[in-house]
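Take a look at the structure set out below.
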Amino acid sequence: MTITLEDVAVLLGLRVDGPAITGSSIYDWDDVMMQLLGRVATNEEQDGASLLLSWLVVNFGEHNPPAEDAPEVVLQQYARAYILAILGSILFPSTRGDSIPLIFLPLLSNLQETSSYSWGGAVLACLYHNLCRGCMSTTRTIGGCIILLQLWSWERLHVCRPQMHTGAPPTFGPDEPPRLLGVRRTYRRNPRQVLLFARDELDQQEPNQVQWMPYTAGRLADALVICINGNRIWRAVVPLICFEIVEFQFPDRVMRQFGISQHIPTPVDTNESLHDLNRRGKDNVDWVVKNATWLAYWDDRLSHIAQERFPRRSVDEHMHWYYSITRRVISAPSIDRPQTDLEYAPWGSRLRRVAALALEGAKKVVAAMRDAINDSTVAIANNWLGNCRDILDEVGEGHRFEEAISHDVEATPHHEGRYPGGPSHRRGHIPHATDFTMHPSQLTHDEVGPSTTPASWSRHKTI
């Protein structure tokens, strides 16, 4: 699963269907600032095409408000400064701290047109880009709209979710604007310093612990119009663009989030050359020309809507494929992590060791059954094999049983009524395949499950 245009629109209320966020970096930024902000920053407050956020706060903040009788042009300058601060500090924050890119400022020249752009698409492109860089071992900081990532996680995952109020929708006063869905919940006791615990919980995440479709009809009924206006492109397989950043959205790989059966998707080209693009040292590039091909693709977005494929396939089929091409465990099992002062000890690595032992035991039992001399010996071996299978089922690795011993089973002597781990094994048996079926209750349920985060945050240490 992943963050999509649906999440951006519903949680943040940003427009997703509109012209892409792009433009040129060939400007005299002093002239642009004077024209659109009415003043120019000094060389110490401006670094090429970047501006210090502190300069905006000093010149346009609450301690320097516009005069009560200020003309319209001045009010627009303050509005641009406010929007620019939001863009640079919340929606498109970089790893440079106080720095805000001026490249967005020309898009604010006509405030009537500003609201028509696909700001949501640009925010998601920037977040995708930063998450890609953030997973590198050499990365120590991360940019992008992390608030979106946090809200998305709280809506869909139980891990480290704070307490959330899910009662009746809030009422608003006559002068109070309605709030976005992302801030309508009541969050309390937000977890902190639980990295080790979170990694372990994510390693053990089960499908029934995921809120696949949190934005039910009931919640969307009273959502702002802007939150649902772009729903026609939520499933568009398109490049998301923010100047030099071009990141593809592939909703066809997460169709379950839209209530649609998931097929094994076709391979995609991640185009690594696009990931290497950045604006550093490129102050004379017209990104409209540079990314003309991708912009044309975006403009034709309605022709690239992911559709459900028929006949429908079992979710299990997709998950077995997914397990074969992905890394399922976040932390390397060979690393022994310190347990000092932890109220909750991680179980992920222990469960993996248990699964490995059970799988190895099953293989040895099957091999031993080849040399079984009588039915009594076969019965004992069958019982042990059933134990191994139950252990694998219990730790969520049941699908590995058949894969690991199928070739050995064919070479094993068959005794009537007996099959390794099969019908003769009559103890309380857990189904050997994890249930990935999407039940109707999962599509309509509006309650968010409880958090499993420890009650005492301070006892957890980051590592």
Subject >> Distance, nearest 0.5 Å, that separates CH2 of Trp234 from CG of Asp17 >> reply: 11.5 Å

Only distances under 3.5 Å count here; give the side-chain donor-acceptor pairs of residues 4-15 to other protein atoms, sequence neighbours excluded, each with its distance to 0.1 Å.
| from | atom 1 | to | atom 2 | distance (Å) |
| --- | --- | --- | --- | --- |
| Thr4 | OG1 | Glu6 | N | 3.3 |
| Thr4 | OG1 | Asp7 | OD2 | 3.3 |
| Asp7 | OD1 | Arg156 | NE | 3.3 |
| Asp7 | OD1 | Arg156 | NH2 | 3.0 |
| Asp7 | OD1 | Tyr215 | OH | 2.6 |
| Asp7 | OD2 | Thr4 | N | 2.9 |
| Arg15 | NE | Ser115 | O | 2.7 |

**OP:** Could you check Ser25 against Trp287 for side-chain contact (heavy atoms from CB on, under 4.5 Å), going step by step and ending with a plain yes or no?
**Re:** CA-CA 8 Å; Ser25 61; Trp287 296 104; 4.2 Å; yes

Subject >> Derivation of the salt bridge (Lys or Arg N to Asp or Glu O under 4.0 Å) call for Arg235 and Glu308 >> reply: CA-CA 11 Å; Arg235 288 190 281 115; Glu308 184 171 21; over 6 Å; no

**OP:** Determine, for Arg312 against Glu317, whether the closest basic-nitrogen to carboxylate-oxygen distance falls under 4.0 angstrom.
**Re:** no

Original post:
Judged by atom type as modelled, is there a donor-acceptor pair below 3.5 Å linking the side chain of Arg80 to the main-chain atoms of Leu36?
Top reply: yes

Original post:
Counting only N and O atoms by type, is there a donor-acceptor contact under 3.5 Å from the side chain of Gln262 to the main-chain atoms of Met255?
Top reply: yes

Original post:
What distance separates Cys145 SG from Ile3 CD1, expressed to the nearest 0.5 Å?
Top reply: 9.0 Å

Subject >> Pairwise distance OH(Tyr128) to SG(Cys242) - rounded to 0.5 angstrom >> reply: 14.5 Å

Subject >> Leu302 vs Ile233 side-chain heavy atoms within contact, under 4.5 Å >> reply: yes

**OP:** Give a yes or no on whether a salt bridge exists between Arg309 and Asp252, defined as a side-chain N under 4.0 angstrom from a carboxylate O.
**Re:** no

**OP:** Could you pull out the closest heavy-atom pair between Leu102 and Pro106, with the gap in Å?
**Re:** O-CD, 3.5 Å

Subject >> Intermediate values then yes/no, side-chain contact (heavy atoms from CB on, under 4.5 Å), Arg256 and His318 >> reply: CA-CA 11 Å; Arg256 190 173 182 182; His318 170 262; over 6 Å; no

Original post:
Are the side chains of Trp321 and Asp316 in touch, meaning some heavy atoms are under 4.5 Å apart?
Top reply: no

Original post:
Is Phe258 close to Pro251 at the side-chain level, that is, under 4.5 Å between some pair of heavy atoms?
Top reply: yes

Original post:
Heavy atoms, side chains only, cut-off 4.5 Å: are Leu37 and Tyr78 in contact?
Top reply: no

Original post:
Taking atom types as modelled, is there a side-chain donor on Glu45 or Thr42 under 3.5 Å from an acceptor on the other?
Top reply: yes

Original post:
Can you find a heavy atom in the side chain of Val159 that is under 4.5 Å from one in the side chain of Gln209?
Top reply: no

Original post:
In terms of ring plane angle, is the pair Tyr323 and His320 parallel, tilted or perpendicular, where the classes change at 30° and 60°?
Top reply: perpendicular

Subject >> For Arg133, salt bridge (charged side-chain N to carboxylate O under 4.0 Å, His left out) partners two or more places apart >> reply: none

Subject >> Approximate separation, where rounding is to 0.5 Å, of Thr114 OG1 and Leu108 CG >> reply: 5.0 Å

**OP:** Compare every heavy atom of Ile26 with every heavy atom of Val285, then report the nearest pair and how far apart it is.
**Re:** N-CG1, 3.7 Å

Subject >> Whether Ser89 side chain and Ala85 backbone form a donor-acceptor pair below 3.5 Å >> reply: yes

**OP:** Indicate the atoms forming the closest heavy-atom contact of Phe104 with Leu84, along with that distance.
**Re:** CB-CD1, 4.2 Å

**OP:** Examine distances only and state if a side-chain atom of Gln249 and a backbone atom of Ala236 form a donor-acceptor pair shorter than 3.5 Å.
**Re:** yes

Subject >> Phe60 six-ring face occupied by Arg39 cation (under 6.0 Å, within 45°) >> reply: yes

Subject >> Gap between atom CG of Asp299 and atom CD1 of Ile241 - 0.5 Å precision >> reply: 8.0 Å

Subject >> Nearest atoms (heavy-atom pairs only) where Met1 meets Val210 >> reply: SD-CG1, 3.6 Å

Original post:
Taking it one step at a time, do Ser116 and Glu113 satisfy side chain to side chain donor-acceptor pair (under 3.5 Å)?
Top reply: CA-CA 5 Å; Ser116 67; Glu113 293 181 0; over 6 Å; no

Subject >> Point-to-point distance, once rounded to the nearest 0.5 Å, from NZ of Lys290 to OG1 of Thr22 >> reply: 12.0 Å

Original post:
Is there side-chain contact between Phe243 and Cys126, with at least one heavy-atom pair below 4.5 Å?
Top reply: no

Original post:
Hey, mind stepping through Leu151 and Ile147 against side-chain contact (heavy atoms from CB on, under 4.5 Å) and telling me if it holds?
Top reply: CA-CA 6 Å; Leu151 291 175; Ile147 291 178; 4.1 Å; yes

Subject >> Sub-4.5 Å side-chain heavy-atom contact between Ile142 and Leu131 >> reply: yes

Original post:
Under the side-chain contact (heavy atoms from CB on, under 4.5 Å) criterion, do Ile305 and Arg232 qualify, and how do the steps go?
Top reply: CA-CA 8 Å; Ile305 307 299; Arg232 63 177 187 166; over 6 Å; no

Subject >> Heavy-atom side-chain contact between Trp298 and Leu240 under 4.5 Å >> reply: yes

Original post:
If you take all heavy atoms of Trp294 and Val246, which pair is closest and at what distance?
Top reply: CG-CG1, 3.9 Å

Original post:
What orientation do Tyr117 and Trp119 show, parallel under 30°, tilted 30 to 60°, or perpendicular over 60°?
Top reply: perpendicular

Subject >> Minimum heavy-atom distance between Ile146 and Gly143, given as atom pair plus value >> reply: CD1-O, 3.7 Å

**OP:** Mark yes or no for whether Ser118, through its side chain, and Gly18, through its backbone, hold a donor-acceptor pair below 3.5 Å.
**Re:** no

